[in-house]
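Notes follow the structure.
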There are 2 protein chains.
Amino acid sequence: MDSDKITIHDIAKLLNIDSSTVSRALNNSPRVTEKTKNRIIAKANELGYQRNHLASNLRLNKTNTLGVIVPRISRHFFSSAIAGIEETAYKLGFNVIICQSLELLEREQSNINTLLANRVDGVLVSISMETENYDHFEGLKQRKIPFVFFDRHCNIPETSSVLIDDFKAGFDATEHLIIKGCQSIAHFSGPLHLEIYKNRFEGYKAALSKHNLDFNDALLFSSRLMEQDGIDNVNKMLALSFRVDGIFSANDVAAISAMQQLKREGITVPKDIAVVGFSNETISAIIEPSLTTINQPGFDIGRSATELLVSQIKNGTKHTTNEHIIIHANLIERNSSQKGKQPKD
Amino acid sequence: MDSDKITIHDIAKLLNIDSSTVSRALNNSPRVTEKTKNRIIAKANELGYQRNHLASNLRLNKTNTLGVIVPRISRHFFSSAIAGIEETAYKLGFNVIICQSLELLEREQSNINTLLANRVDGVLVSISMETENYDHFEGLKQRKIPFVFFDRHCNIPETSSVLIDDFKAGFDATEHLIIKGCQSIAHFSGPLHLEIYKNRFEGYKAALSKHNLDFNDALLFSSRLMEQDGIDNVNKMLALSFRVDGIFSANDVAAISAMQQLKREGITVPKDIAVVGFSNETISAIIEPSLTTINQPGFDIGRSATELLVSQIKNGTKHTTNEHIIIHANLIERNSSQKGKQPKD
DNA sequence: CTGTTAGCGCCTTCAG
DNA sequence: CTGAAGGCGCTAACAG
């Protein structure tokens with residue numbers, strides 16, 4: 001028999017009981033004798049029964065589906081995060097729908113409509129670079145669909161998020177350079193209206209301050225996460241009237257192209273100049289094996305955000321959570337013992 | 001009113017007609033007057049009606065969902081492919097469930113079970129490195145669930161796939177080196193039981209042969225896609241009794257670590273030695289901006305595979321298709337004009 | 001062209 | 001503890 005089409009009625013008939021009892025047993029209801037429960041489960045396994053989630057979800061008015069909105073799947077941080085999201089979601093019995101905003105506000109809005117049309121039970125979002133207005137999240141709130149921001153968040157009241165401790169990361173990176181002896185440290189930033197770049201910048205300033213170094217805004221170089229920006233930043237930096245001896249780059253795209261430009265200019269990295277950059281294992285291995293980097297724990301963030309979201313979905317009633325989970329990003333001084341490792345995420 | 005809970009019955013009642021007519025109109029059935037159709041659609045929009053796919057799918061016994069199995073989401077080629085899959089699937093009205101095999105046969109099998117339990121309408125697969133036995137795909141065949149291989153495929157009869165023209169890519173890469181003047185060209189391969197690496201290797205040999213160069217198996221270096229392999233390959237290569245003047249690397253992981261090892265050994269790339277490697281824009285920009293690479297068109301492959309799969313799902317009856325779509329990978333000689341571009345996928 | 005009827009597979013009152 | 005009955009929202013016969 002097609003094990004594909006076994007329903008609770010089939011197994012009820014074979015056992016001369018009612019399908020409602022089967023349903024209860026399969027949902028582990030306490031209102032069924034252990035004995036009959038066991039008979040039912042045995043028969044279900046024997047027939048290769050698989051619950052029809054469509055029917056179940058229709059009845060229960062839920063989808064067991066999570067929506068995810070990220071700027072771009074192919075950026076390593078996000079694909080790692082998605083790996084963590086998928087794995088955790090499946091474990092908790094949820095499916096996942098993934099959408100890309102491609103850093104466009106308009107697409108982010110239409111992504112939300114897609115997810116709404118799919119009646120997702122909850123949403124995970126990392127906002128686009130363009131997003132400075134948060135009206136499109138109101139639709140989710142109205143329908144009481146919980147959502148959790150991860151990595152890139154925004155300050156909507158009564159909203160949860162899972163973040164990297166960007167302040168600490170920026171602080172650690174900068175302090176690392178200071179302890180190494182750098183006195184004049186440039187900061188390659190990202191779009192400063194995004195919280196993550198703002199916080200990394202604040203960390204940078206705090207570390208300078210702690211070590212009695214003045215902040216010089218000529219040393220702040222912003223960028224829009226383009227390759228060309230890193231090159232431009234290096235050129236501007238080298239045109240300064242004084243010598244820079246360290247760089248903390250808060251975005252990896254700029255970090256990478258900056259490294260290359262430095263090399264083209266005949267500057268040895270990281271001997272002539274010390275650099276710390278946000279990155280990931282693969283990339284950091286490539287740009288400069290001895291470079292100190294700060295890994296973005298994408299997988300962990302994805303896992304953590306999913307767990308938080310699912311707990312909100314299950315709690316149902318109180319949609320007014322305002323929980324913030326902070327995940328640390330660790331400074332990694334790469335050395336030869338790390339070669340040959342496969343990335344885990 | 002909660003636009004969330006509008007059903008066809010609500011709009012039927014408001015218009016004093018039957019819900020079945022509404023259903024027909026919304027499905028654009030030809031058996032409804034244009035006039036009533038318009039009234040219905042207008043009212044639906046007014047109320048913000050959204051079809052409940054769960055109910056519809058339950059009735060129609062389908063899920064409008066595609067399953068995807070890839071070795072690892074965070075590898076750039078696969079995340080690009082997924083971007084193409086998602087975009088195409090949504091356009092065609094399908095959702096997507098993504099699974100990672102992590103290059104493990106066992107996980108690939110359990111992925112298929114997950115997808116079966118989700119009653120997906122079709123599956124896209126890029127097999128794991130371990131997969132040499134294809135029994136686990138029988139379950140899909142039995143239940144008449146169509147599946148399409150992409151990139152990494154296997155020779156199951158009556159099965160479709162979307163592939164890169166790996167033979168041509170290998171041929172082009174090698175010929176490129178020969179035309180540049182290389183006489184002694186090493187080949188860094190991948191696991192040769194995988195069709196893609198076999199075909200690239202065949203292309204390599206064919207180019208040598210065309211240009212009257214002998215194949216020397218001391219110049220063939222295999223690997224398991226680990227960083228360490230590229231390093232080992234370079235060391236072995238440098239230990240040869242004769243000089244190598246070109247490398248064609250058929251896998252990017254090895255290519256990257258190999259480049260670094262060459263530099264550590266004081267060899268200038270690509271002056272002392274010419275290299276062509278499989279890669280992607282970002283990575284190739286990093287390892288060596290002037291390096292010639294072969295881009296894997298992940299997005300296109302994802303799109304194409306999805307279109308093929310959906311057409312098979314819609315054709316329903318004939319599950320015996322055996323279609324192979326070949327996508328070309330182009331040789332890219334990077335130059336400065338390509339800097340600053342954002343990747344599109 | 002439109003209405004009536006029935007049922008996809010499941011879960012949940014309400015009775016017993 | 002279990003059975004009977006109804007309905008989630010939609011669509012597809014079958015009538016008219």
Side-chain angles (χ1 to χ4, degrees), chain A residues 1-41 43-44 47-65 93 116-119 121 143 316, chain B residues 1-41 43-44 47-65 93 116-119 121 143 316:
Chain A
M1 195 200 280
D2 257 359
S3 70
D4 209 12
K5 312 193 160 188
I6 305 290
T7 74
I8 51 174
H9 296 99
D10 296 324
I11 105 158
K13 213 159 287 172
L14 258 43
L15 258 35
N16 280 319
I17 52 177
D18 193 85
S19 58
S20 57
T21 306
V22 177
S23 172
R24 278 191 277 258
L26 262 20
N27 286 307
N28 202 21
S29 156
R31 305 179 6 159
V32 185
T33 330
E34 277 304 311
K35 208 188 300 179
T36 52
K37 201 181 277 185
N38 289 334
R39 283 175 60 216
I40 290 169
I41 291 172
K43 184 59 87 181
L47 299 178
Y49 168 80
Q50 297 200 135
R51 171 195 256 106
N52 186 328
H53 290 98
L54 284 178
S56 164
N57 288 339
L58 172 61
R59 183 60 234 264
L60 264 27
N61 191 34
K62 56 174 185 136
T63 54
N64 271 320
T65 299
L116 246 24
N118 276 284
R119 290 167 152 78
D121 295 331
R143 303 195 195 190
Chain B
M1 194 200 280
D2 257 0
S3 70
D4 209 11
K5 312 191 161 189
I6 305 291
T7 74
I8 50 173
H9 296 99
D10 297 323
I11 105 158
K13 211 159 287 172
L14 258 45
L15 259 35
N16 279 319
I17 52 178
D18 193 86
S19 59
S20 58
T21 305
V22 177
S23 172
R24 278 191 278 258
L26 262 20
N27 286 307
N28 203 19
S29 155
R31 305 181 4 163
V32 185
T33 329
E34 278 303 313
K35 207 188 298 177
T36 51
K37 202 182 277 186
N38 289 335
R39 283 174 61 215
I40 290 169
I41 291 172
K43 184 58 86 180
L47 299 177
Y49 168 80
Q50 296 200 135
R51 169 195 259 109
N52 186 327
H53 290 99
L54 285 178
S56 167
N57 288 338
L58 173 61
R59 184 60 233 263
L60 297 172
N61 191 36
K62 57 175 185 132
T63 54
N64 271 321
T65 299
L116 247 24
N118 276 284
R119 289 166 152 78
D121 296 331
R143 303 196 195 187

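Each chain gets a letter, A, B and so on, in the order its sequence line appears, and its residues count up from 1.
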| remark: Taking C/dC10, D/dG9, D/dA4 as options, the one with an atom nearest any side-chain atom of B/T7 is D/dG9

| request: Would you kindly give the CG-to-P distance between B/L58 and D/dC10, to the nearest whole Å? | output: 12 Å

| query | Roughly how many Å is it from CD1 in A/I6 to P in C/dC8, rounded to a whole number? | reply | 15 Å

| query | Taking atom CG of A/N27 as the centre, does the number of heavy atoms from other residues, nucleotides or ligands within less than 6.0 Å exceed 12? | reply | yes

| message | I need the B/R39 CZ to B/L14 CG distance, nearest 0.5 Å. | response | 10.5 Å

| task | Looking at every strand, decide which applies to B/L54 at a 4.0 Å heavy-atom threshold: base, sugar-phosphate, or nothing. | result | nothing

| task | Nearest whole angstrom, please: distance from the P of C/dC8 to the NZ of A/K5. | result | 12 Å

| message | Heavy atoms from C-beta onward define the side chain here; which of D/dC10, C/dT2, C/dC11 lies closest to that of B/A55? | response | D/dC10

| query | Roughly, in whole Å, what's the span from CG in A/D18 to C1' in D/dT2? | reply | 8 Å

| request: Provide, to the nearest angstrom, the distance between the CG atom belonging to B/N28 and the P atom belonging to C/dC1. | output: 13 Å

| field | Candidates D/dG6, D/dT2, C/dG3 - which lies nearest the side chain of A/R24 | value | D/dT2

| task | Find the distance between CZ (B/R119) and CG (B/N57) and round it off to the nearest 0.5 Å. | result | 12.0 Å

| Within the structure shown, what part of the strands sits under 4.0 Å from A/S20 by heavy-atom distance: base, sugar-phosphate, or nothing? | base

| message | In whole Å, I'd like the distance from the CG atom of A/N52 to the P atom of C/dC11. | response | 10 Å

| task | Let me know, please, whether B/R51 or B/R31 comes out on the 5' side of the other along DNA chain D by nearest nucleotide. | result | B/R51

| task | Please tell me which of B/N16 and B/N61 maps to the more 5' nucleotide of DNA chain C, matching each residue to the nucleotide holding its nearest heavy atom. | result | B/N16

| request: Could you check whether A/N27 gets within reach of a base, just the sugar-phosphate, or nothing at all, counting any heavy atom under 4.0 Å? | output: sugar-phosphate

| said: Quick check on C/dC1: is either OP1 or OP2 less than 4.0 Å from any side-chain nitrogen or oxygen of B/T36? | reply: no

| said: So A/S56, base contact, sugar-phosphate only, or nothing? Heavy-atom distance under 4.0 Å. | reply: sugar-phosphate

| request: Report the distance from atom CG of B/D10 to atom P of D/dC10, rounded to the nearest whole Å. | output: 9 Å

| request: Looking at every strand, decide which applies to A/H9 at a 4.0 Å heavy-atom threshold: base, sugar-phosphate, or nothing. | output: base

| Over how many whole Å does the gap from A/I8 atom CD1 to D/dT2 atom P extend? | 15 Å

| query | What is the nucleic acid contact for A/S23, judged by heavy atoms within less than 4.0 Å: base, sugar-phosphate only, or nothing? | reply | base

| query | With distance as the sole criterion, is a donor-acceptor pair present between the side chains of B/D121 and B/T63 under 3.5 Å? | reply | yes

| Rounded distance (nearest 0.5 Å) linking atom CZ of A/R24 with atom OG1 of A/T36 | 10.0 Å

